[in-house]
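One structure is given below, encoded as structure tokens.
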Amino acid sequence: QVQLVESGGGLVQAGGSLRLSCAASGRASRNYAMGWFRQAPGKEREFLAAISQSGTATAYRDSVKGRFTISRDVAKVTVYLQMNSLKPEDTAVYYCAAKAFIATTEPYDYWGQGTQVTVSS
């Protein structure tokens with residue numbers, strides 16, 4: 001089992017930045033690729049970014065390329081999502097997830113509880 005805990009969400013004005021963190025714990029948590037997803041009210045959950053176990057490979061949703069950056073601290077088993085130039089349409093609950101290999105689509109094996117990001121105009 002892998003436990004994931006997100007943090008760093010909050011309220012920010014349009015154009016601002018936030019950094020989300022996802023701390024992983026549990027057996028073999030270091031061996032998982034990690035991804036970030038989000039779900040806005042009334043919409044389906046969507047993939048944002050993923051990173052390999054070593055951190056050397058990444059993948060992004062086209063609409064966030066250049067604004068969002070995924071990274072991981074291998075020693076701390078923590079994954080980050082740096083979000084810049086935020087827009088009101090980025091408002092959503094953001095989730096991190098773990099999978100045996102890097103992927104841009106679900107299913108993922110483990111999920112965090114989510115953290116709310118609200119961008120005001």
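All heavy atoms count here, side chains included; hydrogens, waters and symmetry mates do not. Given the structure is predicted, the values throughout are model-derived calculations rather than measurements.
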Point to revise | Test item: Ile102 and Gln53 side chains (from C-beta on) under 4.5 Å apart, heavy atoms | key: no

Review point. At what distance, to the nearest 0.5 angstrom, does CE of Met34 lie from OG of Ser52?
Key: 12.0 Å

Review point. Looking at Ser54 and Val74, what are the two nearest heavy atoms and their distance?
Key: O-CG2, 4.0 Å

Check your understanding: For Pro88 and Ser121, which heavy atoms make the closest approach, and how far apart are they?
Key -> CG-CB, 3.8 Å

Check your understanding: Can you find a side-chain donor-acceptor pair between Ser17 and Asn84 that sits under 3.5 Å?
Key -> yes

Check your understanding: Taking the side chain from Thr91 and the backbone from Val119, do they hold a donor-acceptor pair closer than 3.5 Å?
Key -> yes

Check your understanding: Is a donor on one side and an acceptor on the other found under 3.5 Å between the side chain of Tyr108 and the backbone of Ala103?
Key -> yes

Exercise for review: Determine whether Thr115 and Leu20 make a side-chain contact, defined as any pair of heavy atoms from C-beta on separated by less than 4.5 Å.
Suggested key: yes

Review point. Taking side chain as C-beta onward, heavy atoms only, is Trp36 less than 4.5 Å from Val79?
Key: yes

Review point. Are Trp111 and Leu4 side-chain neighbours, meaning at least one heavy-atom pair lies under 4.5 Å?
Key: no

Exercise for review: Could you tell me which non-hydrogen atom of Ile70 sits nearest to which non-hydrogen atom of Tyr60, and how far apart they are?
Suggested key: N-OH, 2.8 Å

Practice item. State, yes or no, whether a side-chain contact exists between Arg45 and Glu106 at a heavy-atom distance under 4.5 Å. Key: yes

Exercise for review: Kindly work out whether a path of hydrophobic side-chain contacts (I/L/V/M/F/W/Y, heavy atoms less than 4.5 Å apart) joins Ile51 to Val2.
Suggested key: yes

Practice item. Side-chain contact test, heavy atoms from C-beta onward, threshold under 4.5 Å: evaluate it for Leu48 versus Tyr94 and give yes or no. Key: yes

Practice item. For side chain to side chain contact (heavy atoms under 4.5 Å, CB included), just list the numbers for Thr69 and Tyr80, CA-CA rounded to whole Å, side-chain angles, deciding distance to a tenth of an Å, and then say yes or no. Key: CA-CA 8 Å; Thr69 303; Tyr80 305 96; over 6 Å; no

Review point. Would you find a donor on one side and an acceptor on the other, under 3.5 Å apart, between the side chain of Glu6 and the backbone of Gly114?
Key: yes

**Study point:** Hydrophobic cluster identity match, Tyr95 and Val117, side-chain contacts under 4.5 Å
**Key:** no

Review point. Side chains of Lys87 and Arg67: closer than 4.5 Å at any heavy-atom pair?
Key: yes

Review point. Taking the side chain as C-beta and beyond, is there a heavy-atom pair between Phe47 and Arg38 under 4.5 Å?
Key: no

Point to revise | Phe37 with Val64, same ILVMFWY side-chain cluster at under 4.5 Å | key: no

Exercise for review: Measure across Ser120 and Leu11 and return the closest heavy-atom pair with its distance rounded to 0.1 Å.
Suggested key: CB-CD1, 4.3 Å

Check your understanding: Between Phe101 and Lys99, is there a cation-pi geometry (under 6.0 Å to ring centre, at most 45° from the normal)?
Key -> yes

Practice item. Applying side chain to side chain contact (heavy atoms under 4.5 Å, CB included), run through Val12 and Thr118 and close with a yes or a no. Key: CA-CA 6 Å; Val12 64; Thr118 303; over 6 Å; no

**Study point:** Minimum heavy-atom distance between Glu46 and Arg61, given as atom pair plus value
**Key:** OE1-NH2, 3.3 Å

**Study point:** Shortest non-hydrogen contact from Gly8 toward Leu18
**Key:** O-CD2, 3.8 Å

